[in-house]
Amino acid sequence: QFRGFYLEGAASVTSRSAFPRRGWWGDTYSTVTSNDVRAHLQSDDGEHLNCSFLYEGSRAVGECKSSTGAIYQLVAGSGR
């Protein structure tokens with residue numbers, strides 16, 4: 001069994017809009033997320049997995065690399 005944490009790609013964006021006829025400037029704030037995730041997992045016996053995957057809903061596809069150098073394909077979800 002592995003336990004750990006994951007980080008999901010996200011960014012904050014600020015843009016400035018101008019309305020020249022009124023002489024008014026307005027800021028627009030947005031948070032942009034992606035479906036790119038990285039995970040760091042560790043087992044009770046000390047083995048590590050570093051994973052990078054894409055997800056959509058309950059589906060995920062990607063790759064994990066163990067601390068011994070083994071590479072695993074990650075495919076999860078029903079695909080429906």
pair Glu63-Ile71: side-chain heavy atoms closer than 4.5 Å: yes
Just jot down the salt bridge (charged side-chain N to carboxylate O under 4.0 Å, His left out) partners of Asp44, sequence neighbours excluded, or say none. Arg3
Please check if the number of heavy atoms outside Tyr6 that lie under 6.0 Å from its OH is greater than 12. no
For His40, what residues pass the ring-ring contact (aromatic ring centres under 6.0 Å, His included) criterion, not counting sequence neighbours? Phe5, His48
So which heavy atom on Leu74 is nearest to which on Cys64, and how close? CB-SG, 4.5 Å
What's the verdict on side-chain contact (heavy atoms from CB on, under 4.5 Å) for Asp36 and Leu54, showing C-alpha distance, side-chain angles and the deciding distance? CA-CA 5 Å; Asp36 181 32; Leu54 300 173; 4.0 Å; yes
Taking side-chain hydrogen bond (donor to acceptor under 3.5 Å, both in side chains) as the test, write out the residues that go with Ser43, two or more places apart. Asp45
Evaluate the side-chain proximity of Asn35 to Phe53: yes if any heavy-atom separation is below 4.5 Å, no if none is. no
